[in-house]
Asks: 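Let me begin by handing over the structure; questions about it come next.
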Protein chains: 2
Amino acid sequence: MNKPCLSANDIQERLQNAGVQPTLQRLAICKFVLNEADHPTADDVKEWADVNLGKISQATVYNTLNTLVDAGILKEFKFPHSGKVVYDCNTHDHFHFVDESTGKIYDIDPADVKIDIAIPKKFKVKDIKLVLKGEIK
Amino acid sequence: MNKPCLSANDIQERLQNAGVQPTLQRLAICKFVLNEADHPTADDVKEWADVNLGKISQATVYNTLNTLVDAGILKEFKFPHSGKVVYDCNTHDHFHFVDESTGKIYDIDPADVKIDIAIPKKFKVKDIKLVLKGEIK
DNA sequence: ATATTTGCAAAGCCTTTGCAGGGGA
DNA sequence: TCCCCTGCAAAGGCTTTGCAAATAT
């Protein structure tokens, strides 16, 4: 995964442009998810925050992540293999590959996938979710 | 959806072949899901059972459905748009189309979909989940 | 007689919500 | 000041689990 590595300023700007007050918690969580984390769950974020931010409440973690999702800064995904929501700093349309042994998630560029669907034309497809599962050699 | 409409005997046989004791509840639920229901949730099954079987416990509904899944008679799916597990009597590999306005789920024959994935060959794809969302005209 | 299955209730997991206190604009 | 943010705890939705009573082989 190739993280863009945004500066604190970049992040503050993004939050403000999205109309989100750049509080300490939001800046920190946003920085973590955008620069360091790889498809973290709320729990992952909470654990990181406990270590790196001092105690923060679970509710704030959820609220913050939801705020960032609403602001379009993050995307959330649910995968079949886990009950937990996963946050993705890649907000572009894309697909996923799940390593079945580790659970690690890899983004797949839709340009690398060609999908031809021959279903009756009354089905108007507006959104495609593709999740590949397998192993990595 | 084209249900095969199995007789009570067919179903009893299927359960027994799978090594599952054909109790009243299992036969009834199995018959409902195989013959009548369309991608029901555990809740849907419970509601149906309350009306058609006399009271049954929620736990038994879940246990029964899990037993049927383990036996390979049903498949379970989780979709991003709902937190609930959905049961499918189509145990063959297949994809799904979700009507975004009603939530109704349609099975898609994999033969109708061609997927070409050009990702590095270290990714060994063993399983493909494809969920289409859209509307039906 | 022995192994399953059922029902009930309680607990579990993940997430959201209510409310009071606190901090920033 | 005023509004939004935070923290805590409680509740919510879905599913599983523990245990005793009922049932099947």
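Chain naming here is simple, since letters A, B, ... match the order of the sequence lines and numbering starts at 1 in each.
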Asks: Rounding to a whole Å, what distance do you find between L15(B):CG and dA24(D):P?
Replies: 15 Å

Asks: To the nearest angstrom, how far is L53(A) atom CG from dT6(D) atom P?
Replies: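 Nearest whole value for this atom pair: 11 Å.
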
Asks: When you get a sec, tell me which of dT17(C), dT5(C), dT15(C) is the closest nucleotide to the side chain of Q58(A)?
Replies: dT15(C)

Asks: When the distance from CG of L24(B) to C1' of dA22(D) is rounded to whole Å, what number comes out?
Replies: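 That distance rounds to 13 Å.
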
Asks: Output the rounded distance in Å from NZ (K46(A)) to P (dT6(D)).
Replies: 14 Å

Asks: Among the nucleotides dC14(D), dA9(D), dC8(C), which one has an atom lying closest to any side-chain atom of A59(A)?
Replies: dA9(D)

Asks: For D10(B), is there an ion pair with R14(B) - N to carboxylate O distance below 4.0 angstrom?
Replies: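 No, no charged N to carboxylate O under 4.0 Å.
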
Asks: Does any donor atom in the side chain of T60(A) or N63(A) lie under 3.5 Å from an acceptor atom in the other side chain?
Replies: no

Asks: When you measure from the side chain of I56(A), which nucleotide among dT15(C), dG7(D), dG7(C) comes out closest?
Replies: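 Out of dT15(C), dG7(D), dG7(C), the nucleotide with an atom closest to I56(A)'s side chain is dG7(D).
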
Asks: Please indicate whether K31(B) has more than 12 foreign heavy atoms, meaning atoms of other residues, nucleotides or ligands, lying under 6.0 Å from its NZ.
Replies: no

Asks: Using atom CD of Q25(B) as one end and atom C1' of dA24(D) as the other, report the distance to the nearest whole Å.
Replies: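 So the two atoms are 12 Å apart, to the nearest Å.
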
Asks: Is the shortest side-chain N/O distance from T60(B) to OP1 or OP2 of dG7(C) below 4.0 Å?
Replies: yes

Asks: If I take atom NZ in residue K84(A) and atom P in nucleotide dC13(C), what distance separates them, rounded to the nearest angstrom?
Replies: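 Going from NZ in K84(A) over to P in dC13(C) covers 10 Å.
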
Asks: Assuming nearest nucleotide by heavy-atom distance, tell me which of T23(B) and G83(B) is located more 5' along DNA chain D.
Replies: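 Its nearest nucleotide lies further toward 5', so the answer is G83(B).
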
Asks: Answer yes or no: are there more than 12 heavy-atom neighbours, outside K124(A) itself, under 6.0 Å from its atom NZ?
Replies: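 Counting other residues, nucleotides and ligands, NZ of K124(A) exceeds 12 neighbours.
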
Asks: Restricting to ring-ring contact (aromatic ring centres under 6.0 Å, His included), what partner residues turn up for Y106(B), sequence neighbours left out?
Replies: F123(A)

Asks: Counting only side-chain nitrogens and oxygens, does Y62(B) get under 4.0 Å of the OP1 or OP2 atom of dT15(D)?
Replies: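 So the side-chain polar atoms of Y62(B) do come within 4.0 Å of the phosphate oxygens OP1 or OP2 of dT15(D), strictly under.
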
Asks: Nearest whole Å is fine: how far is dC14(C) C1' from N66(A) CG?
Replies: 12 Å

Asks: Among the candidates dG7(D), dT6(C), dC5(D), find the nucleotide nearest to the side-chain atoms of N63(B).
Replies: dT6(C)

Asks: dC5(D) P sits how many Å from D70(A) CG, rounded?
Replies: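 Atom-to-atom, D70(A) to dC5(D), this comes out as 12 Å.
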
Asks: If you check the Q21(A) side chain, which of dC5(D), dT6(C), dT15(D) turns out closest?
Replies: dC5(D)

